[in-house]
Amino acid sequence: MEWNKNGLLPLEWFKQMRENSPVVQPEENGFWNVFKYEDVKAVFTNYEVFSSQGSPSVEDPLESSILRQDPPKHRQLRKLVSQAFTPRVIESLAPKIQAITASLLDEAEKNGKMDAVADFTSPLPITVIAEMLGVSIKDRQKFKEWSDALVGDHAESYYQCQREMSEYFSVIAEDRRRHPQDDLITKLVEARIDNEHLSDLEIIGFCILLLVAGNETTTNLISSAMLAIDSLPEVRSQLLADRTLIPGAIEETFRYFSPVQLMFRHVKEDTELRGRELKKGQFVHIWMAAANHDEDVFERPDEFNIHRNPNPHLGLGSGIHYCLGAQLARLESKIAIETLLERFPDFRRDHSVELERQESTVMFALKELPIILK
């Protein structure tokens with residue numbers, strides 16, 4: 001795509017690494033990096049060797065979240081929160097998502113333009129997950145700043161935002177203990193595992209994860225889909241002619257752009273991967289973004305093909321850590337793209353503004369996406 005000439009997506013680097021260094025440790029005692037689809041999936045699914053387990057820390061409550069747990073604790077925590085993400089619950093949110101989408105586009109229409117990230121793709125999922133959690137939507141801008149800091153490459157900002165979020169959610173959790181409400185935080189406060197309540201650290205970690213995972217991934221997914229539609233006239237015309245193609249376009253966005261570019265694991269016992277010896281205690285970067293362009297799995301992987309079928313991308317992870325909010329992300333994205341195309345079929349990117357990627361190795365996220373609506 002023409003917009004990628006400045007290397008926003010390092011597809012050529014991914015290809016070189018898959019071909020020449022599929023499992024590599026650039027620095028002695030540094031992180032291993034895994035690039036091939038088969039290997040990435042193997043690391044994802046073999047939690048007995050490649051662990052997600054974190055070390056509980058007041059400085060880093062995310063380490064106590066489901067994201068950083070292995071079974072059996074992972075299974076217990078996932079069962080606890082999955083009740084809020086059943087297909088029936090998610091489908092029931094469709095009218096609310098539609099109303100939020102319409103309201104955001106109403107506001108944008110007044111100006112005839114918008115920064116899609118700030119005005120549309122970010123506030124939509126943040127509003128939905130904030131209401132599910134039971135936190136004030138007035139703090140929406142704060143949530144976005146925290147989310148960006150949490151997935152960014154600056155350690156100081158990472159820990160600072162976790163301290164701020166810990167204080168924020170501690171106050172709310174304590175309020176829910178005294179004044180229960182019909183929201184997710186109340187359910188977390190009241191929940192028991194093996195007849196024990198979740199610790200404050202576990203509750204805070206859950207809230208941070210849900211707020212960020214319920215925001216950042218979907219924001220980047222919708223923004224990337226809009227970018228693809230603007231860049232590929234044939235994709236736009238096909239989607240305008242047949243709205244049933246939108247889910248396929250969303251799956252291809254997950255694959256091609258990979259909103260989550262990589263995750264990491266640590267090695268629990270000595271093992272071998274593609275002839276390389278990985279030692280207990282070492283860490284592994286699993287590059288989902290590179291795996292999603294693997295020629296051994298995807299035909300012409302660097303083409304954006306909304307008809308790709310099957311499309312076994314790893315954009316939502318794999319195995320026990322497959323994204324809990326996958327259906328919500330798909331529903332929000334489907335409604336957002338459908339409504340946008342219905343109301344502004346000729347929307348176009350303002351090409352006078354150069355696209356910039358946020359400083360995040362973990363996520364593919366645009367800083368802004370200026371859009372002219374008509």
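Nothing fancy with the numbering, it's 1 onward along the sequence. Keep in mind that this is a model prediction, so the values were computed, not measured.
If you look at Phe35 and Trp13, their ring centroids are closer than 6.0 Å. Remark: aromatic rings of Tyr256 and His293 are close, center separation under 6.0 Å.
Counted within 6.0 Å of OH on Tyr159, heavy atoms from surrounding residues, nucleotides or ligands total 12 or fewer; the atom is thus considered open. The environment of CZ in Arg178 is sparse: at most 12 heavy-atom neighbours from other residues, nucleotides or ligands sit within 6.0 Å. Other residues, nucleotides and ligands place more than 12 heavy atoms under 6.0 Å from the CD atom of Glu272. Atom NZ of Lys113 is surrounded by 12 or fewer heavy atoms from other residues, nucleotides or ligands within 6.0 Å. Within 6.0 Å of CD in Gln16 there are more than 12 heavy atoms belonging to other residues, nucleotides or ligands.
Grouping the Ile, Leu, Val, Met, Phe, Trp and Tyr side chains by contacts below 4.5 angstrom, directly or via other members, places Tyr47 apart from Phe50. Hydrophobic clustering (side-chain heavy atoms under 4.5 Å, transitive across Ile, Leu, Val, Met, Phe, Trp, Tyr) keeps Phe264 apart from Leu150. Linking ILVMFWY side-chain heavy atoms closer than 4.5 Å, directly or via other members, places Leu331 and Val89 in two distinct hydrophobic clusters. Hydrophobic clustering of Ile, Leu, Val, Met, Phe, Trp and Tyr side chains at less than 4.5 Å, counting indirect connections, unites Val362 with Leu211. Hydrophobic clustering keeps Trp32 apart from Phe283 (ILVMFWY residues linked when any side-chain heavy atoms are closer than 4.5 Å, directly or through intermediates).
A salt bridge links Lys110 to Glu107: one of the charged nitrogens lies within less than 4.0 Å of a carboxylate oxygen. A salt bridge links Glu38 to Arg274: at least one charged side-chain nitrogen sits closer than 4.0 Å to a carboxylate oxygen. Looking at Asp346 and Lys374, no side-chain N of the basic residue comes within less than 4.0 Å of a carboxylate O on the acidic one, giving no salt bridge. Using a 4.0 Å cut-off between charged side-chain N and carboxylate O, Glu269 and Lys280 make no salt bridge. With salt bridges taken as basic N to acidic carboxylate O contacts below 4.0 Å, one links Arg177 and Asp200. Ion pairing between Glu167 and Arg163 fails under the 4.0 Å rule for side-chain N and carboxylate O. A salt bridge between Arg308 and Glu252 is present, with a side-chain N of the basic residue lying under 4.0 Å from a carboxylate O of the acidic one. Between Glu109 and Arg343 there is a salt bridge, since a side-chain N of the basic residue sits under 4.0 Å from a carboxylate O of the acidic one. Note on Lys144 versus Asp148: salt bridge recorded, some NZ/NE/NH1/NH2 to OD/OE distance being below 4.0 Å. In summary, Arg88 and Glu91 do not engage in a salt bridge, as defined by a charged side-chain N under 4.0 Å from a carboxylate O.
Under a 3.5 Å cut-off, the side chain of Arg75 and the backbone N or O of Asp70 do not form any donor-acceptor pair. Proximity of a side-chain donor or acceptor of Asp119 to a complementary backbone N or O of Asp115 within less than 3.5 Å is detected. A donor-acceptor distance shorter than 3.5 angstrom exists from the side chain of Ser82 to the backbone of Arg78, with no hydrogens or angles considered. Side chain of Glu196 to backbone of Ile193: no donor-acceptor contact under 3.5 angstrom is found. A donor-acceptor contact shorter than 3.5 Å links the side chain of Asp294 to the backbone of Tyr37.
In this structure the side chain of Thr217 never reaches within 4.5 angstrom of the side chain of Thr219, judged on heavy atoms. In this structure the side chain of Lys142 never reaches within 4.5 angstrom of the side chain of Val135, judged on heavy atoms. Taking the side chain as every heavy atom from C-beta outward, Lys187 and Asp182 approach each other to under 4.5 Å. Between Tyr322 and Phe44, the closest side-chain pair of non-hydrogen atoms is not below 4.5 Å. Counting heavy atoms from C-beta outward, Leu188 and Arg176 have side chains that stay 4.5 Å or more apart. In this structure, the side chains of Arg276 and Leu273 stay at 4.5 Å or more apart for every pair of heavy atoms. Contact check for Phe257 versus Leu221: no side-chain heavy atoms found under the 4.5 Å cut-off. With a 4.5 Å cut-off on side-chain heavy atoms, Val260 and Asn220 do not count as touching.
Checking Asp139 against Tyr168 by side-chain atom types alone, a donor-acceptor pair falls below 3.5 Å. Side-chain contact annotation: Thr186 with Asp183, donor-acceptor N/O pair under 3.5 Å present. Side chains of Glu156 and Gln160: no donor on one and acceptor on the other come within 3.5 Å. Between the side chains of Ser360 and Asp153, not a single donor N or O lies within less than 3.5 Å of an accepting N or O. A donor atom on one side chain and an acceptor atom on the other are not found under 3.5 Å apart for Ser51 and Arg265. There is no side-chain donor-acceptor pair under 3.5 Å between Gln261 and Trp287. For the 3.5 Å distance criterion, the side chains of Thr101 and Thr339 fail to qualify, holding no donor opposite an acceptor. Side chains of Gln53 and His74: no donor on one and acceptor on the other come within 3.5 Å. Tyr158 and Asp60 share a donor-acceptor pair across their side chains, judged by distance under 3.5 Å alone.
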| task | Go through Lys36 and Asp296 one step at a time and tell me if the salt bridge (Lys or Arg N to Asp or Glu O under 4.0 Å) criterion holds. | result | CA-CA 9 Å; Lys36 292 283 290 179; Asp296 291 346; 2.7 Å; yes
| said: For Thr121 and Ser223: C-alpha separation, side-chain torsions, deciding distance, then whether side chain to side chain donor-acceptor pair (under 3.5 Å) applies. | reply: CA-CA 6 Å; Thr121 70; Ser223 299; 2.8 Å; yes
| said: Applying side chain to side chain contact (heavy atoms under 4.5 Å, CB included) to Asp175 and Val171, what does each step give before you reach the verdict? | reply: CA-CA 6 Å; Asp175 176 74; Val171 171; 5.7 Å; no
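How far CZ of Phe14 is from OG of Ser258: 7.5 Å, rounded to the nearest 0.5 Å. If you take CZ on Arg236 and OG on Ser231, they are separated by 9.5 Å, rounding to the nearest 0.5 Å. Distance CD/Glu338 to CD1/Ile246: 4.5 Å, rounded to 0.5 Å. One distance of note links CZ of Phe206 with CG of Leu184; it measures 9.0 Å at 0.5 Å rounding. Rounded to the nearest 0.5 Å, atoms CG (Asn33) and CG (Leu262) are 8.0 Å apart. Taken to the nearest 0.5 Å, the CD1 atom of Ile172 stands 5.0 Å off from the CD1 atom of Ile185.
With sequence neighbours excluded, the residues that form a side-chain contact (heavy atoms from CB on, under 4.5 Å) with Glu251 are Phe254, Asn311, His313, Arg330.
Between Phe298 and Ala291, the shortest heavy-atom contact is CE1-O, 3.6 Å. Heavy-atom minimum distance, Gln327 versus Pro87: OE1-CA, 3.1 Å. Of all non-hydrogen atoms in Ala94 and Ile335, the two that sit nearest each other are O-CD1, 3.8 Å. The minimum heavy-atom distance linking Ala130 with Ile137 is given by the pair CB-CD1, 4.0 Å. Counting all heavy atoms, side chain and backbone alike, Ile371 lies closest to Ala116 at CG1-CB, 3.9 Å. Looking at every heavy atom in both residues, Leu314 comes nearest to Met288 through O-CE, 3.4 Å.
Aromatic ring orientation, Phe31 versus His285: parallel (interplanar angle below 30°, classes split at 30° and 60°).
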